[in-house]
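Beneath this line is the structure, given in structure tokens, with notes to follow.
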Amino acid sequence: VIECKKPQDIVEIILQGTKNRKKGSHDLNKDSSRSHSILTVYLISEFQSGGESYKKYGKISFVDLAGSERLKETHSKGGMLKETGNINKSLSIFGNVINAVIEFNEGKTKFVPFRDSKLTYYLKDSIGGNSKTVIIGNISQSYIQMNETQSTLNFIQRAKMIKNKTKIKLFFIGNKLS
């Protein structure tokens, strides 16, 4: 956690994170990201109301997921092959968790396997908690990538089915909770 006092501080953190992100090259992409990337910004606002002091806490997570890859098309070998397997497994678990959250909200299951991956555990309050979530899918206009594009659109369509009930929680500054 790094405290930021001005917007430039956040920009510097983003640039450092970009430098640290692992990339690789294969037959389909010369700059393929080999890892997911998450930037979480914690916000605290203080205000007065009715003579009392309150704090509101917020959290915004910006998540860039590494894309799924078909091994037949990338011709990955060695370490890249293992990374591709890990990326695809992580994305598959993420999809399973989204399905489980939808079923949980519909009363069809009592358990969501957030702990099945570090990614879903970290994002559990964003996926199924007291939050609003926006997903942007990166798709290709190329006919060659039609299957990947369709898969991405199907994923987004499932994620849109999650309906979280959000509410603001206020905290007194001091020891009392409201």
Side-chain angles (χ1 to χ4, degrees), residues 1 7 10-11 13-14 17-18 20-24 26 28-29 31-45 56-74 76 83-171:
V1 175
I10 294 174
V11 170
I13 291 168
I14 292 170
T18 301
N20 292 339
R21 191 162 189 192
K22 189 167 184 185
K23 292 184 179 176
H26 53 66
L28 292 179
N29 188 347
D31 288 320
S32 176
S33 54
R34 310 311 300 160
S35 62
H36 305 309
S37 178
I38 301 173
L39 169 68
T40 301
V41 179
Y42 296 94
L43 305 165
I44 302 171
S45 65
K56 284 197 292 188
Y57 298 88
K59 174 181 157 183
I60 302 170
S61 293
F62 299 93
V63 182
D64 182 11
L65 299 176
S68 66
E69 297 177 346
R70 302 206 194 287
L71 291 174
K72 283 191 254 179
E73 296 170 8
T74 63
S76 295
E83 287 172 351
T84 298
N86 288 336
I87 290 166
N88 289 346
K89 180 180 178 185
S90 174
L91 294 171
S92 177
I93 292 169
F94 191 58
N96 291 341
V97 166
I98 285 176
N99 289 336
V101 169
I102 294 166
E103 290 179 3
F104 180 84
N105 290 345
E106 293 172 347
K108 294 179 182 175
T109 186
K110 295 186 185 295
F111 176 73
V112 178
F114 289 114
R115 290 181 181 262
D116 283 0
S117 80
K118 289 179 184 178
L119 176 68
T120 55
Y121 184 72
Y122 185 80
L123 295 176
K124 96 178 184 182
D125 61 343
S126 298
I127 301 168
N130 182 28
S131 65
K132 295 194 181 266
T133 302
V134 176
I135 296 179
I136 299 170
N138 188 6
I139 59 174
S140 173
Q141 61 187 6
S142 170
Y143 178 77
I144 296 168
Q145 297 298 324
M146 185 172 65
N147 289 337
E148 290 296 323
T149 295
Q150 187 62 52
S151 177
T152 299
L153 293 172
N154 289 341
F155 176 82
I156 291 169
Q157 186 64 35
R158 279 184 302 168
K160 280 178 51 177
M161 295 173 65
I162 296 175
K163 305 292 183 211
N164 290 338
K165 295 177 182 147
T166 60
K167 62 181 179 179
I168 295 174
K169 297 177 183 177
L170 298 178
F171 296 91

Salt bridge (Lys or Arg N to Asp or Glu O under 4.0 Å): which pairs involve residues 154-165, sequence neighbours left out? none
According to salt bridge (Lys or Arg N to Asp or Glu O under 4.0 Å), does anything in residues 102-123 pair up with another residue at least two apart or in another chain? List the pairs. E106-K108
So for atom CG, which belongs to L43, do other residues, nucleotides or ligands contribute more than 12 heavy atoms lying within a distance under 6.0 Å?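 More than 12 heavy atoms, drawn from other residues, nucleotides or ligands, come within 6.0 Å of this atom.
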Taking atom CG of N20 as the centre, report whether more than 12 heavy atoms of other residues, nucleotides or ligands fall under 6.0 Å from it. yes
Determine, step by step, whether N138 and T152 satisfy the side chain to side chain contact (heavy atoms under 4.5 Å, CB included) criterion, reporting the C-alpha distance in whole Å, the side-chain angles of both residues, the deciding distance to 0.1 Å, and the verdict. CA-CA 8 Å; N138 188 6; T152 299; over 6 Å; no
Reported [atom1]-to-[atom2] distance for the pair [X] and [Y], which is rounded to 0.5 angstrom:
X	Y	atom1	atom2	answer
I102	I127	CD1	CD1	11.0 Å
N164	N105	CG	CG	6.5 Å
S126	K59	OG	NZ	5.0 Å
T18	I13	OG1	CD1	11.5 Å
T133	I98	OG1	CD1	9.0 Å

Please find the pair of heavy atoms, one from [X] and one from [Y], that lie closest to each other, and give the distance.
X	Y	answer
P113	T120	O-OG1, 4.2 Å
F104	F111	CD1-N, 4.2 Å
S131	D125	OG-O, 2.9 Å

For I139, does its backbone N or O pair with a side-chain atom of T149 as donor and acceptor, under 3.5 Å?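 Side chain of T149 to backbone of I139, a donor-acceptor pair under 3.5 Å: no, none is there.
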Quick one: are [X] and [Y] in side-chain contact, heavy atoms under 4.5 Å?
X	Y	answer
L91	H36	yes
V97	V112	yes
Q157	L153	no
F62	I14	no

Under the side chain to side chain contact (heavy atoms under 4.5 Å, CB included) test, which residues partner [X], sequence neighbours left out?
X	answer
S142	S140, I144, Q145
S92	N96
I38	T40, V63, L119, Y122

Would you please name every residue forming a ring-ring contact (aromatic ring centres under 6.0 Å, His included) with F114, sequence neighbours left out? none
